[in-house]
**Student:** 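This is the structure, below, for whatever I ask next.
So you know, we letter chains A, B, ... as the sequences are listed, proteins then strands, and number each from 1.
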There are 2 protein chains.
Amino acid sequence: MKNRCENCIVRQFNALRAMSKEELKRVSDSKITKSIKKGQAIFEEGEKLNGVFCVREGVSKLSKLSANGKDQIVKLASKGEVMGQRSVIAEETSNLSAVAVSDMEVCFIPKEGIVDTLHNNPNFTVEVLRHMAHDLREADDVIVNMSQKSVKQRVAEAFLYLGENFGEDSEGFLSVTLSREDIANVVGTATESCIRIISEFKKKGYIKTSGKKIGVANEKKLRDLVEGF
Amino acid sequence: MKNRCENCIVRQFNALRAMSKEELKRVSDSKITKSIKKGQAIFEEGEKLNGVFCVREGVSKLSKLSANGKDQIVKLASKGEVMGQRSVIAEETSNLSAVAVSDMEVCFIPKEGIVDTLHNNPNFTVEVLRHMAHDLREADDVIVNMSQKSVKQRVAEAFLYLGENFGEDSEGFLSVTLSREDIANVVGTATESCIRIISEFKKKGYIKTSGKKIGVANEKKLRDLVEGF
DNA sequence: TCAAATATATGATTTTAGTCAGCTTTCCAA
DNA sequence: TTGGAAAGCTGACTAAAATCATATATTTGA
């Protein structure tokens, strides 16, 4: 009887914190904790979701397949984030796929506990709404970046974003390690173009690498580049 | 005492339909109806909104200024759509500007009536949530289109989108008339590139024009182009 | 009504990014 | 451990789109 939602710290980061003791107890009783290996899918685009997934550990990419066969990564979800809530709320199949970028631990929460609480606890609903409003703003920002910034600017911004949102290890390397292809899919460019820019940044001393690991070496330069200087 | 929300048909298209009679009465008593001339701003990016705007008539563009001085149009809002709710809910300044692209009539609804209802009427809150979930999905789709489709495909898609969502007049021209610059800002491209593509589509008979007005002439061809054939 | 301002159009050129090809390194499972 | 697959890298070339320049048409306000 360990791993109760009531004691789970990641809950502080998401809408579940607005649930009452009873509601949380119900969710905790119905949830299923799963271990997901790096590269494994949590759910697929077009799938009907019978619940949401709360990330306890690790990072997942949320992506959408485009007509030309490329994956566009729309969001990266880490500790505390809830995946699949949009689909559950809209009662639609998922518009995104979720694949683990590192080994993960996620809790599957059947939708009933969520949907009932939505209809009975306005505090919870408003909290969910706030989170979704936040996601929507982020999505708007991504749209503007995609259309108005160069690939080089977007790559620079991606590294800054990863550093800010997922942190760095003790040696200053980004905590999330993405393949070059994944970085390209976040940025929305060809893998080769992405690699070329990474090489350039490294040569100029903006970033440092060690194997797959990448670290921001000159934040100011990267930031200037993003701003268009 | 005409123009009561209770009798307003556009309410059917948005979350206000989930309000109770009393809640609606309060909103109706506090709302202010405004006429907005084409080109006039309804609110600006960075502005603190003290309420939401419900569109009764006309079309507004919701856009965000990018660092390089270009406007990216993120969404077009017409009859029944509520603007500014994201900011009111998140209690943040607006991330978008709203400017009328045709003469408009909008109702300003002070946030108190909305926020109180959000905390007291779960049906309303869930309805708002559903609408936001829908917007978020659309935003995800836009992100993928931006990064994976060519400018030509995006222009074609824009015309199809405008036809589907805002309709056509009796002669088959799109009901929303946007300047070439606005179309370019929807698509996220340079105005010249946009004009060039419009010329090409016209030459090929995919679209027809009459002054500023544009009409879809060969839907199938446009659709094939979007799909990558 | 007419001149200035704005919007539309098109050509020439440059820049940016995508594609294709080949090569090296790293990873992983038999 | 080692051989094949996947990932990473680089060069050459091509395609797409932005930019710059200029011309024409349309709107608009004095």
**Student:** Side-chain N or O of B/Lys212 less than 4.0 angstrom from OP1 or OP2 on C/dT8?
**Tutor:**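 For C/dT8, OP1/OP2 do have a side-chain N/O of B/Lys212 under 4.0 Å.
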
**Student:** C/dA7 C1' sits how many Å from B/Ile214 CD1, rounded?
**Tutor:**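 Rounded to the whole Å, the gap is 13 Å.
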
**Student:** Kindly indicate, with the supporting measurements, whether the criterion side chain to side chain contact (heavy atoms under 4.5 Å, CB included) is fulfilled by A/Glu81 and A/Lys75.
**Tutor:** CA-CA 11 Å; A/Glu81 292 203 67; A/Lys75 189 178 162 66; 3.0 Å; yes

**Student:** Does the pair B/Asp71/B/Lys61 count as a salt bridge with the N-to-O cut at 4.0 Å?
**Tutor:**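 Here B/Asp71 does not pair with B/Lys61 in a salt bridge, since their nearest N and O are not under 4.0 Å apart.
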
**Student:** I need the minimum non-hydrogen distance between A/His131 and A/Ala15, along with the two atoms involved.
**Tutor:**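 Smallest interatomic distance, heavy atoms only, reads NE2-N, 3.7 Å.
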
**Student:** Find out whether the Lys NZ or Arg CZ of A/Lys34 is both under 6.0 angstrom from the six-membered ring centre of A/Phe108 and within 45° of the ring's axis.
**Tutor:**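 Judged by the rule (NZ or CZ under 6.0 Å from the ring centre, within 45° of its axis), A/Lys34 counts as positioned above A/Phe108.
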
**Student:** Spell out, as yes or no, whether a donor-acceptor pair under 3.5 Å connects the side chain of B/Gln40 to the backbone of B/Val99.
**Tutor:**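 Answer holds: no.
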
**Student:** Kindly state which residues belonging to residues 187-196 of chain B come within less than 4.0 angstrom of DNA chain D, counting heavy atoms of the residue only, listed by number.
**Tutor:**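 The stretch gives B/Thr189, B/Ala190, B/Glu192, B/Ser193, B/Arg196 as the residues lying under 4.0 Å from the strand, ordered by number.
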
**Student:** How long is the line joining CD1 of A/Ile198 and P of C/dT25, in whole Å?
**Tutor:**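 A/Ile198 atom CD1 is separated from C/dT25 atom P by 18 Å.
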
**Student:** Can you confirm whether B/Val226 sits close enough to B/Tyr161 that some side-chain heavy atom of one is under 4.5 Å from a side-chain heavy atom of the other?
**Tutor:**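 When only atoms from C-beta onward are counted, B/Tyr161 and B/Val226 do not touch, as no gap falls below 4.5 Å.
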
**Student:** Measure the distance from CE on B/Met146 to C1' on C/dA17 and round it to the nearest whole Å.
**Tutor:**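 Nearest whole value for this atom pair: 17 Å.
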
**Student:** Can you pull the contact range of chain A along DNA chain D, 5' to 3', using atoms under 4.0 angstrom from its heavy atoms?
**Tutor:**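 Nucleotide range with atoms under 4.0 Å of chain A: D/dA7 to D/dA12.
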
**Student:** Taking NZ, NE, NH1 and NH2 as the nitrogens, is one of them in B/Lys221 or B/Glu200 under 4.0 Å from a carboxylate oxygen of the other?
**Tutor:**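 Salt bridge between B/Lys221 and B/Glu200, a charged N being under 4.0 Å from a carboxylate O: no.
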
**Student:** Take atom CZ of A/Arg180 and atom C1' of C/dT26, then tell me their distance rounded to the nearest Å.
**Tutor:**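 The answer, rounded to whole Å, is 12 Å.
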
**Student:** Between NZ of B/Lys204 and CZ of B/Phe201, what distance do you get to the nearest 0.5 Å?
**Tutor:**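 Separation between the atoms: 7.5 Å.
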
**Student:** Starting at the 5' end of DNA chain D, which residue's closest nucleotide do you reach first, A/Lys203 or B/Arg154?
**Tutor:**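 On the 5' side of the pair lies A/Lys203.
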
**Student:** Mapping A/Lys152 and A/Gly211 to their closest nucleotides on DNA chain C, which lands nearer the 5' end?
**Tutor:**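 Residue closer to the 5' terminus by nearest nucleotide: A/Lys152.
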
**Student:** Tell me the interatomic distance from B/Asp182, atom CG, to C/dT6, atom P, rounded to whole angstroms.
**Tutor:**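 Taking CG of B/Asp182 and P of C/dT6, I get 15 Å after rounding.
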
**Student:** Mapping A/Lys202 and A/Ser147 onto DNA chain D by nearest heavy atom, which one lands closer to the 5' end?
**Tutor:**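 The residue mapped nearer the 5' terminus is A/Lys202.
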
**Student:** To the nearest angstrom, how far is A/Glu181 atom CD from C/dT19 atom P?
**Tutor:**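 Checked: the CD to P distance equals 13 Å.
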
**Student:** Is there a side-chain contact between A/Glu138 and B/Asn95, using heavy atoms and a 4.5 Å cut-off?
**Tutor:**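 Not touching, per the 4.5 Å side-chain cut-off.
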
**Student:** Over how many whole Å does the gap from B/Ile207 atom CD1 to C/dT8 atom P extend?
**Tutor:**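 Atom-to-atom, B/Ile207 to C/dT8, this comes out as 13 Å.
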
**Student:** In whole angstrom, give the distance that lies between atom CZ of B/Phe201 and atom P of C/dA9.
**Tutor:**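 Distance, rounded to whole Å: 14 Å.
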
